[in-house]
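Below, chains carry the letters A, B, ... as their sequence lines are ordered, and counting in each starts from 1.
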Amino acid sequence: MRALALIVAACGADAGAHAVVAQVAANIEAGVSEVRYDGFLASAAASVSPTIRWEHSRGRGFVSARGTYLRFESGRHSLDGSINGSWFAPLAPRLRAELGVSAGGSQYANIASFSHSEAEARLHLMSAERGAWAGASAGRSYFSGLPRNVVVLATGFWLLRRDKTMFVSLDRSTIGDTAFSDVRGSARWRGSRLVLEGIVGARVWSRGGGRGVYGEGSAALTLGPEIALVLSAGRYPTDVVRGSIAGRYVTAAVRVGSISIRRPAPAPRVLPVNEPVYTGSDGAVKSAETRLAIQIRPDDVLLTVYAAGAASIEITGDFTDWQPVPLNRVDGNTWAGVFRMTAGLHRMNVRRDGGAWIVPAGTMRRPDDYDGEVGVFVLP
Amino acid sequence: MIVAALLMAMQVAIQDPRLDRLDPDTRAQVIAVVDSARQAGLPVEPLVQRALEGATKAAPGTRIVAAVHRLAADLGAARTALGSNASAPELEAGVAALRAGAPPQVLANLRSVRRSSLTMALSVLADLVSSGVPADSAAAAVLALAPTARDADLVEFRRAVERDIALGAPPSAATSVRVNSGAFVNSMSSDPGPPARPRRP
């Protein structure tokens, strides 16, 4: 949606919106979030995000820089920054060329770091109320100093109706051995004091980039000349180039400064470091719909299963002599049981509502010799 | 001979009534494998558990017998690699590593470089290979860490590699980076907690 706003403004199709865009705009956004990465517990976080952008007075180009400092309730923090810019050149009455560059980096707790640099070229075909574009970008992404080539092919179209805009895009990204496609649609409505935005998308044809449906929504309410309240929530996919893992979030923030074009929802770009991330055979990040937590106590082991939407949970494994044992419901989505176990390797399965035996997240998935799978964990 | 076999089967069955869940033919064959393993000095509890697992999962008797037989053979191979003093948990973890594709020589090398229990090191090795890390890269990484790393360090190392892979990092590169950086050790808290306990970021 941000790209659409830029395209519309830069090409002069949205004169009303363009008129309110300052040449230099800066703001700082401070907020609190509840984030939940796939396979992890939810965590509260506080964030500060400064942004500055310069735009050509007639929309021929822009340069934007942004940073985010995010601090989790655990005390860990993440830091990321990026800068990007584009220049638009008229080729014909309805044809525009765009050349752009972007670069950025992110780091979590001085451990995992990503950086990237890309160049982009696009061709825009447009009229006053609609347009389409196709383009490609190429560059490099670095994970802890190791480079991977990045190639993205993209196309899309947009519609503009007074105070509403809609946007649909399809892109194919290749980053080293990882490849995936995203299909996205978004809509934006702008009132006198309120801006609503939403995006839905699906990641498909993925090899190592995860897959699934995602969506985000936000509402920005202008409280004064240079202050706005921003509420946003949603689920976003893994960003392989910038190093953000898929997750959900809810954010409430106050934005102070020149407010012209809405910036993206502040999805935290952090790398949780203390928990495993579970992937399927294709590398896709799995949903943590049913998750096992293990708590070692002096005389026994407490096994807790988180299973949203289940009416009953049974567990079986070598610690029950493979007899199904129903777990006790602790609260709405949590079941628990206490077992005596020895140190070493253990194999187990759980089932929801009397269904098939499955492998919960929180264990390592292995073939079970019986055409199925078994979860494995080790007690030290 | 038949009477002796029946008496032997009855004896083990009486000793371990858990196997009553198997049908008589399957039970007799499983007991034979278990008894053979016991005589060879291999741990038999994993074999019994594998049979019970098959019963719970309603596997055919032939599959249960085959699974128990295969496990007994793999336990023997793990013991050959790890030595006769290997504990039952080490042998089970060794089986997992061998099945994941780790060469037997790696198990032997691990035994020579690590003085404490190999259970976690072998399990991490199996996990890495299962996560897509080439067996030789995983073996090199675990061998590099094994002499000094604590079990908790190895678990944290595995988590870091898996997370990087999930984020798109090539498995072998992720493993190499984590080994060379040692960052996983720095991220450890004084109490790392159990292996798969969910935490906050």
Side-chain angles (χ1 to χ4, degrees), chain A residues 35 37 40-43 72-74 76 109 111-112 143-144 146 175-178 208-209 238 240 243 245 270-279 283 285 291-296 316 318 321-324 343-345 347 357 362-366 368-370 372 374 376-380, chain B residues 18 45-46 49-50 52-57 59 63-64 66-67 70-71 87-90 92-93 96 99 117 119-120 123 126-127 130-132 151-152 155-156 158-160 162-170 173-174 177 181 183-184 186-187 189 192-201:
Chain A
V35 297
Y37 302 103
F40 297 84
L41 290 179
S43 173
F72 295 96
E73 61 180 283
S74 65
R76 300 183 187 92
I111 295 175
F143 163 71
S144 292
L146 296 177
I175 303 100
D177 295 332
T178 302
T238 296
V240 179
I245 195 166
V270 297
L271 313 179
V273 296
N274 282 331
E275 283 303 307
V277 175
Y278 302 95
T279 59
V285 176
R291 161 169 283 277
L292 175 72
I294 305 163
Q295 184 178 353
I296 303 172
T316 189
D318 51 25
D321 286 336
W322 288 96
Q323 294 281 13
L345 211 67
R347 295 159 61 91
W357 291 109
T363 63
M364 288 303 299
R365 184 181 295 256
R366 299 273 171 73
D368 69 354
D369 285 334
Y370 301 115
V374 66
V376 175
F377 62 88
V378 180
L379 285 188
Chain B
R18 296 174 297 177
E45 180 64 16
Q49 291 294 341
R50 192 60 51 96
L52 297 176
E53 179 182 350
T56 295
K57 295 180 175 178
R63 293 296 301 274
I64 293 174
R70 180 185 176 214
L71 179 57
S87 66
E90 285 179 323
E92 284 190 86
R99 287 189 177 185
S117 169
T119 304
M120 189 63 79
S123 177
D127 293 347
S130 299
S131 298
D151 282 354
V155 172
E156 188 63 20
R158 184 204 70 195
R159 290 173 177 166
E162 290 172 347
R163 180 174 50 254
D164 294 343
I165 292 172
L167 286 169
V177 165
S181 71
F184 61 92
N186 297 331
S187 72
S189 62
R197 185 177 181 181
R199 290 182 183 173
R200 303 182 194 283

State the CG-CD distance between A/L345 and B/E92, to the nearest 0.5 angstrom. 6.0 Å

Scanning both residues in full, the closest heavy-atom pair of A/Y370 with B/A67 reads OH-CB, 3.5 Å

Identify which part of B/S123 has an atom lying under 4.5 Å from any heavy atom of chain A, answering side chain, backbone, both or neither. both

With a 4.5 angstrom heavy-atom cut-off, which part of B/A126 approaches chain A: side chain, backbone, both or neither? both

Would you call B/D127-A/R366 a salt bridge at under 4.0 Å N-O? yes

Side-chain heavy-atom pair A/R347, B/E53 within 4.5 angstrom cut-off: yes

Quick one: does A/W322's side chain get under 4.5 Å of B/K57's, heavy atoms only? yes

What's the spacing between A/L379 CG and B/D151 CG if we round to 0.5 Å? 11.5 Å

Where B/P89 and A/A343 come nearest, the two heavy atoms and their spacing: CG-O, 3.8 Å

Considering residues at least two apart in sequence or located in another chain, which fulfil the salt bridge (charged side-chain N to carboxylate O under 4.0 Å, His left out) criterion with A/D177? none

Under 4.5 Å from any heavy atom of chain A, what part of B/L71 do you find: side chain, backbone, both or neither? neither

Winner by heavy-atom pair count (cut-off under 4.5 Å) against chain A, out of B/E90, B/R99, B/Q49: B/Q49

With a 4.5 Å cut-off on heavy-atom pairs, point out which of A/V374, A/D369, A/V376 contacts chain B the most. A/D369

Heavy-atom distances under 4.5 Å only: say whether B/R50 touches chain A with side chain, backbone, both or neither. both

